[in-house]
Amino acid sequence: MNKKFAQVIIDNKSSSTDKPYTYLIDSDLVELVEEGMRVLVPFGLGNRVVKGIVIKIEENYFGSHKLKKIIDVIDDKPLISKDLIDLSIWMSEKYLSPYIDAFKAVLPPGDFKEVKTNILLEEVHDDIYNTLDTLEKSVVTIIHNNKGKIELGELKEQMNNRLTNKIIRQLESKGILTTSMEIQTSIEPKYEKYVYLKNRFNSREELNQKIGKRSYKQLEIAEFLFDKGEIPLKELMMEVNSSISTIKSMEKKGLIQIVNREIFRSPIKEDISPYKKHELTLEQRNCFDTIMDHINRNQSSKFLIHGVTGSGKTEIYLQLVEEMINKGKESIVLVPEISLTPQTVQRFVGRFGDRVAVLHSKLSYGERFDQWRKIREGKVKIAVGARSAVFAPFSNLGLIVIDEEHESTYKSSMNPKYDTLQVAEKRCDQFGSTLVIASATPSVESYYRSIKGEYKLLNLKKRIMNRELPFVKIIDMREELNSGNKSIFSKELYEAIEENLKDNKQTILFLNRRGHSTFVSCRQCGYVVKCNKCSISMTYHLKENRLKCHYCGLAISPPNICPVCKSKYIKYFGIGTEKVEEFTKRLFPNAVVKRMDLDTTSKKGSYESILNNMKEEKIDILIGTQMVAKGLDFKNVTLVGIIAADTSLNLPDFRSPERTFQLITQVAGRAGRGDFEGKVIVQTYNPEHYSIQLAQEYNYLAFYNKEVLIRKEFNYPPFTNIISIIIYGEDVKRVIIKSKEFYKILINNLKQINLIDFVDNIIGPFPAPLERIKNNYRYQIIIKCKNEYLDKLKTAIEWVFIYNRYKVDVTGIKFNIDINPNSIL
DNA sequence: AGCACGCCGACT
DNA sequence: GTCGGCGTGCTC
């Protein structure tokens with residue numbers, strides 16, 4: 001008997017069922033099931049039928065479970081290829097992520113269980129039809145009677161024959177059928193379960209009578225619902241600390257109703273004009289040739305392009321991609337989310353037209369699925385997108401480009417908490433393809449690796465057309481203050497803006513903080529308005545006249561009198577982009593001033609409209625956050641002002657000098673991109689800090705050399721790995737007790753496996769720098785560990801925190817484990 | 001997530 | 001005793 005064994009991942013987001021389950025593939029299915037296909041399997045004591053995905057097929061089974069059989073196979077082709085399956089398994093191990101989350105990253109967007117296969121009938125001539133066997137004929141007839149198109153599941157139902165998938169494949173190879181995937185997202189929006197009391201009770205007394213004293217838990221829930229009305233099921237379970245079974249039995253009794261409510265989402269669209277090919281400069285050509293030379297000699301290689309801002313890196317990517325197309329290979333181009341919207345995408349779509357798939361966060365599930373399907377079915381050759389585009393399901397991948405590789409958005413903060421650079425390396429290894437990463441300010445880690453020879457370093461030192469990098473002037477704001485200037489503009493910046501306006505040139509003002517005032521405080525007693533769910537001061541937003549929490553979104557009206565001491569001396573401190581806008585408009589009443597940050601670009605198309613106005617020179621002064629720092633290319637911008645270079649410098653994170661250096665360099669790069677010289681004015685209270693000084697000189701190498709020494713001395717990446725474990729929950733006392741308990745268990749475990757002496761450092765548990773977010777108290781343990789012991793350490797962490805082998809009661813406690821996180825805040 | 005098993009308290 | 005609620009543990 002020909003039988004095989006399949007490892008199946010079942011989607012039910014509970015950590016205890018997140019592992020491969022082995023099922024028997026009976027002889028009648030053995031030829032139909034492939035890795036990457038979805039199957040129906042019996043699961044649990046009640047053998048309920050669930051959908052799962054086959055990740056491995058083996059000839060033998062040596063385990064001791066009595067195996068159940070796969071009921072049926074859903075797909076006629078694998079949803080994902082073998083290399084993406086391997087990649088997911090690799091990710092779940094590398095980043096300690098649940099399998100199901102790692103697989104969701106590579107599976108079609110949306111709910112993979114809802115993917116349908118459509119079968120389309122081509123024209124069939126009688127002479128061909130007559131060569132078919134009976135079963136094949138009946139398939140053709142069924143589809144014909146269904147207007148030439150049918151969904152696979154429905155066809156199988158009508159055929160009522162195990163071999164349907166096989167027949168389809170035969171007919172497909174004869175060119176009689178074609179198949180195509182579809183997902184029903186436009187009519188299947190996202191839902192969440194809500195609970196409410198069935199409206200039969202007028203009073204508590206009536207409730208008590210109906211339920212009876214015995215079911216005190218039910219009574220508690222009912223009373224809770226009586227007060228609250230409708231509430232999400234998850235929240236209810238949290239609030240009353242009850243299990244689902246209690247709630248379900250109440251539903252059975254008809255006391256409560258559980259309903260699905262839709263959660264909203266929205267799409268956007270854009271128009272794009274052609275972008276013609278540019279002649280490469282000598283430097284660009286050298287860089288391009290070196291890469292192509294390696295590719296042509298079939299040496300799979302990794303390159304780091306260190307190119308100053310405005311050196312024309314995008315044109316190099318474009319031409320590399322073109323070469324790939326000529327070789328019949330596909331390319332993935334990754335850009336940070338923020339610069340994704342118009343400019344880079346316009347260039348790719350402008351040059352390659354419908355051979356480009358664009359993936360970004362503003363697509364709806366349906367749109368995203370369409371892009372995914374185009375890639376999967378080989379209809380496009382290039383995928384341009386944010387970090388998740390690294391999973392684009394190409395089958396003959398030749399090149400991955402990562403633009404602005406230093407950007408923090410390349411590290412995911414959700415499961416799987418992957419680092420896009422590492423994933424890209426892995427994919428390139430799988431396909432033998434080329435990896436090109438590039439930045440004007442490479443991350444210390446990447447540059448270190450290029451020095452060690454893991455990446456081949458390519459330099460672009462000149463801007464195109466030999467334009468000069470803009471002159472950077474540092475203004476010591478302490479001196480401004482001493483000379484009596486309390487304004488947010490130094491004298492020098494003010495005069496420069498004034499002059500720029502006179503010359504009809506454009507100005508960009510950068511401040512990495514949105515809102516109007518960053519905190520509101522009482523001058524009498526020092527009280528600061530804080531979010532009542534997060535340990536963070538609230539930012540005042542002028543336009544809406546509200547105080548907002550930038551972590552949880554809570555908005556309240558600003559107080560007129562101090563809630564503590566009742567004084568009316570409430571003052572607004574700190575500057576945000578909104579206040580900069582207000583001041584700028586007041587000081588330059590004749591200038592057209594626009595602000596670009598999260599608050600002004602949340603509406604559909606508003607980002608594009610601001611950029612277009614900027615391009616058409618309808619805006620004199622553009623004020624913005626991070627958004628203006630990346631990739632924007634306006635020829636008429638000659639002045640860039642950095643309002644406060646210190647905001648990113650004083651954060652308690654080892655990467656803050658690096659961030660500051662990168663930010664200043666990137667923002668400065670926005671000036672002088674046209675025929676006119678650019679100027680940058682940096683305002684700071686720390687003018688002597690090395691990251692500001694060296695950014696002024698555009699001296700990346702000196703910055704790197706200094707920074708890498710510090711990293712070595714204090715043992716930070718790239719010399720070690722940092723693992724952050726955050727233990728959080730709503731009950732502070734429990735969080736503290738549990739984090740101490742887990743810390744002890746972890747230490748004991750590490751002692752047992754003789755690892756404790758090899759782990760560089762374990763600190764904690766201490767309150768996380770952001771001690772409270774969205775009502776959760778957060779305690780943190782930070783572990784440093786060299787590469788060679790990392791795997792052992794991860795196993796220990798998995799054992800203690802994820803599998804919870806020590807059976808610690810973890811009700812109300814959650815963990816967030818991040819390996820080499822972006823920041824340790 | 002869903003299902004069964006077994007403990008335990010309240011009522012006959 | 002016995003009925004029913006509620007927590008616990010397992011799912012190839």
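Letters go in sequence order (proteins before strands), and every chain restarts at 1.
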| With a 4.0 Å cut-off on heavy atoms, is Gln218(A) in touch with a base, just the backbone sugar-phosphate, or nothing at all? | sugar-phosphate

When rounded to whole Å, the CG to P distance for the pair Asp18(A) and dT11(C) reads 15 Å

For residues 796-805 of chain A, please give each side-chain donor-acceptor pair under 3.5 Å, one per line with the distance, not counting sequence neighbours.
from      : atom 1 : to        : atom 2 : distance (Å)
Glu798(A) : OE2    : Tyr803(A) : OH     : 3.3
Asn804(A) : OD1    : Val808(A) : N      : 3.1
Asn804(A) : ND2    : Val808(A) : O      : 2.8

Against the side chain of Leu45(A), the closest entry in dA4(B), dT11(C), dG5(C) is dA4(B)

Whole-Å distance, Phe43(A) CZ to dA1(B) P, equals 13 Å

Phosphate OP1/OP2 of dG5(C) contacted by Thr246(A) side-chain N/O (<4.0 Å): no

Taken to the nearest whole Å, CG/Asp809(A) to C1'/dT8(C) is 12 Å

Rounded to whole Å, the CD1-C1' distance (Ile10(A) to dA1(B)) equals 12 Å

Arg805(A) CZ to dG9(C) P, in whole Å, measures 14 Å

To the nearest angstrom, the CG-C1' distance between Asn47(A) and dA1(B) comes to 15 Å

Test side chain to side chain donor-acceptor pair (under 3.5 Å), reference Asn816(A), set Gln780(A), Arg778(A), Lys417(A), output is Lys417(A)

Out of dA1(B), dC6(C), dT11(C), minimum distance to the side chain of Tyr21(A) belongs to dT11(C)

Residues passing the side-chain contact (heavy atoms from CB on, under 4.5 Å) test with Ile756(A), sequence neighbours excluded, are Ile747(A), Leu750(A), Lys751(A), Ile762(A)

Among dT11(C), dC6(C), dG2(B), the one nearest any side-chain atom of Lys248(A) is dG2(B)

Atom NZ of Lys807(A) and atom P of dG9(C) are separated, to the nearest Å, by 6 Å

> Which part of the nucleic acid, if any, lies within reach of Thr22(A) when heavy atoms closer than 4.0 Å are counted: base, sugar-phosphate only, or nothing?
Replying inline: base

For Ile70(A) and Ala6(A) the tightest heavy-atom approach is CD1-CB, 3.9 Å

Side-chain contact check for Lys217(A): nearest option of dA1(B), dC6(C), dG9(C) is dC6(C)

Closest non-hydrogen atoms of Val30(A) and Lys3(A), given as atom of the first, atom of the second and distance, are CG2-C, 4.2 Å

Here the distance between atom P of dT11(C) and atom NE2 of His65(A), to the nearest Å, is 6 Å

